Amino acid sequence: MADRVVAIAGAAGNLGPTVVRRLSTTGAHLALGGRDVDALDRLAREIGGESMRSSVDLLDPEAARAWAHSISAQYGRIHGLVHLVGGWRGGRPIEEAPLEDWDVLQTLLVRTLQNATQAFAPHLLESGRGRLAIVSAGQAQAPTHPNAAYAAAKAATEAWTLALADRFRGSGATANIVVVGAIVTPAMREESPEKDFSTFTPAEQIADAIAYLLSDEASAMNGQRLTLRGAS
């Protein structure tokens with residue numbers, strides 16, 4: 001992945017820093033995107049190098065296109081997009097669940113992915129070996145009723161990604177999904193050292209999976225789900 005250009009949406013979020021740290025070891029040029037510029041700056045200082053940082057609202061399609069254009073203008077190409085924008089609402093019986101939860105999750109999870117992929121797809125196609133990786137949840141395939149809105153939104157992101165994989169077919173570009181359970185990050189372990197996280201998916205494993213999907217070694221994988229679930 002040396003000299004590849006990879007954009008990371010949600011770089012300073014819950015999972016983002018672990019993924020950024022992992023990708024920073026590959027030699028790729030990283031373009032970190034998110035709403036909190038200060039957090040992006042701190043992360044960039046931590047990993048060193050010359051990563052690009054951008055404040056971007058992926059709910060705005062014009063902002064998404066401007067972000068992609070700025071990366072292309074700086075580096076001349078874009079090889080990868082990692083979409084890590086996330087969020088959760090749920091926990092109530094399906095007959096009591098506020099449908100506003102769906103409105104929030106559809107906007108946060110689905111629309112940001114739609115805007116980002118529409119902005120970056122032309123660049124990924126042009127590169128000849130473009131890569132998209134998203135993180136989904138087991139709920140998308142096996143929903144439980146207290147998580148109905150979340151499961152439906154995650155299922156929508158998977159369907160959109162698989163449709164993009166179809167668009168990429170034969171181009172050398174790929175779009176794939178990392179399916180996880182509840183995520184445990186290094187910060188969570190530090191904050192709760194006594195907690196049993198054995199059924200969680202470690203953020204480090206997710207980062208490794210994303211690095212693999214962005215690499216040439218995964219060139220034959222397109223429209224696939226790579227499942228990383230914690231021990232049951």
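Quick caveat, the model's predicted, so the values are computed rather than measured. Any value given below was found using the heavy atoms of this structure, including those in side chains, with hydrogens, waters and symmetry copies removed.
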Closest non-hydrogen atom pair between Ser215 and Met1, with its separation:
CA-CG, 4.2 Å

List the steps, then state whether side-chain contact (heavy atoms from CB on, under 4.5 Å) holds for Leu214 with Thr26.
CA-CA 10 Å; Leu214 296 177; Thr26 65; over 6 Å; no

Residue Arg189 excluded, over 12 heavy atoms near CZ under 6.0 Å
yes

Quick one: list whatever passes side chain to side chain donor-acceptor pair (under 3.5 Å) with Ser136, sequence neighbours left out.
Glu158

Salt bridge (charged side-chain N to carboxylate O under 4.0 Å, His left out) filter on Glu96, not counting sequence neighbours, yields none

Taking a hydrophobic cluster as the set of Ile, Leu, Val, Met, Phe, Trp and Tyr residues connected by side-chain heavy atoms closer than 4.5 Å, whether directly or through intermediates, do Ile206 and Ile8 fall within one such cluster?
yes

Trp102 versus Ala153, closest heavy-atom pair with distance:
CZ3-N, 3.4 Å

Quick check: is Val85 connected to Leu32 through a chain of hydrophobic side chains (ILVMFWY, heavy atoms under 4.5 Å apart)?
no

Hits for side-chain contact (heavy atoms from CB on, under 4.5 Å) against Arg89, two or more places apart or cross-chain, chain-then-number order -> Asp101, Val104, Leu105

Test His29 against Asp3 for side-chain contact (heavy atoms from CB on, under 4.5 Å), laying out the working first.
CA-CA 6 Å; His29 302 285; Asp3 293 325; 3.5 Å; yes

Quick one: does Ile177's side chain get under 4.5 Å of Leu162's, heavy atoms only?
yes

Ala165: what forms a side-chain contact (heavy atoms from CB on, under 4.5 Å) with it, not counting sequence neighbours?
Ala175, Asn222

Are Val179 and Leu164 connected in the hydrophobic side-chain network, where two residues link if heavy atoms are under 4.5 Å apart?
yes

Smallest heavy-atom separation, Ala151 atom then Pro143 atom, equals CB-CB, 3.5 Å

How far apart are the C-alpha atoms of Lys195 and Met188, what are their side-chain angles, what is the distance that settles it, and do they pass the side-chain contact (heavy atoms from CB on, under 4.5 Å) test?
CA-CA 9 Å; Lys195 185 171 180 178; Met188 291 168 62; 5.7 Å; no

Could you check whether any side-chain heavy atom of Gln141 comes within less than 4.5 Å of a side-chain heavy atom of Arg225, counting everything from C-beta outward?
yes

Side-chain heavy atoms under 4.5 angstrom apart, residues restricted to Ile, Leu, Val, Met, Phe, Trp, Tyr: same cluster for Leu40 and Val5?
no

Counterpart residues, ring-ring contact (aromatic ring centres under 6.0 Å, His included), relative to His79 (two or more places apart)
none

Answer yes or no: is there a donor N or O on one side and an acceptor on the other, between the side chain of Asn176 and the main chain of Met221, under 3.5 Å?
yes

Could you tell me whether the side chain of Ser72 and the main chain of His69 form a donor-acceptor pair under 3.5 Å?
no

Check for a donor-acceptor pair, side chain of Thr112 on one end and backbone N or O of Leu58 on the other, with a separation under 3.5 Å.
no

Just jot down the side-chain contact (heavy atoms from CB on, under 4.5 Å) partners of Ala203, sequence neighbours excluded, or say none.
Leu15, Thr18, Ile183, Thr185, Pro186

Separation of Asn147 CG from Gln139 CD (nearest 0.5 Å)
4.0 Å

Side chain to side chain donor-acceptor pair (under 3.5 Å) with Thr174: which residues, sequence neighbours excluded?
none

For Arg4 and Asp216, run salt bridge (Lys or Arg N to Asp or Glu O under 4.0 Å): C-alpha distance rounded to whole Å, both residues' side-chain angles, the deciding distance at 0.1 Å, then the answer.
CA-CA 11 Å; Arg4 302 280 180 92; Asp216 284 340; 2.6 Å; yes

Taking Gly181's backbone N and O only, do any of them form a donor-acceptor pair with Thr201's side chain (distance below 3.5 Å, no angle check)?
yes

Shortest non-hydrogen separation from Trp67 to Ser70 and the atoms involved
O-OG, 2.7 Å

Would you please test Leu30 and Ile47 for side-chain contact (heavy atoms from CB on, under 4.5 Å) and show each step?
CA-CA 10 Å; Leu30 303 183; Ile47 64 173; 4.2 Å; yes

Please list, chain by chain and in numerical order, all residues satisfying side chain to side chain donor-acceptor pair (under 3.5 Å) with Thr107, sequence neighbours excluded.
none

Side-chain touch Asn115/Asp60, heavy atoms, less than 4.5 angstrom:
no

Quick check: closest heavy atoms across Ala63 and Val56, and the distance to 0.1 Å?
O-CG2, 3.8 Å

Any residue meeting side chain to side chain donor-acceptor pair (under 3.5 Å) with Asp36, in chain and number order, not counting sequence neighbours:
none

State, with a plain yes or no, whether a side-chain heavy atom of Ser219 is found less than 4.5 Å away from one of Arg131.
yes

Scanning both residues in full, the closest heavy-atom pair of Thr25 with Arg22 reads OG1-O, 2.6 Å

Would a single hydrophobic cluster contain both Ile134 and Trp88, if residues Ile, Leu, Val, Met, Phe, Trp and Tyr are joined by side-chain heavy-atom contacts under 4.5 Å?
yes

Taking only residues two or more places apart in sequence or in another chain, which ones pass side-chain contact (heavy atoms from CB on, under 4.5 Å) with Ala97?
none

Kindly indicate whether the side chain of Tyr212, heavy atoms from C-beta on, has any atom under 4.5 Å from the side chain of Asp208.
no

Any chance CD of Glu190 has more than 12 other-residue heavy atoms, nucleotides or ligands included, within less than 6.0 Å?
no

Residues in ring-ring contact (aromatic ring centres under 6.0 Å, His included) contact with Phe197, at least two apart in sequence or another chain:
Phe200

Do the non-hydrogen side-chain atoms of Leu84 and Ile210 ever get within less than 4.5 Å of each other?
yes

List the atom pairs, donor and acceptor, that lie under 3.5 Å between side-chain atoms in residues 116-128 and the rest of the protein, sequence neighbours left out.
unit_1, atom_1, unit_2, atom_2, d
Thr117, OG1, Leu113, O, 2.7
Thr117, OG1, Gln114, O, 3.2
Thr117, OG1, Trp160, NE1, 2.8
Ser127, OG, Leu124, O, 2.9
Ser127, OG, Arg129, N, 3.2
Ser127, OG, Gly130, N, 3.0

Do Gln106 side-chain atoms and Arg111 backbone N/O form a donor-acceptor pair below 3.5 Å?
no

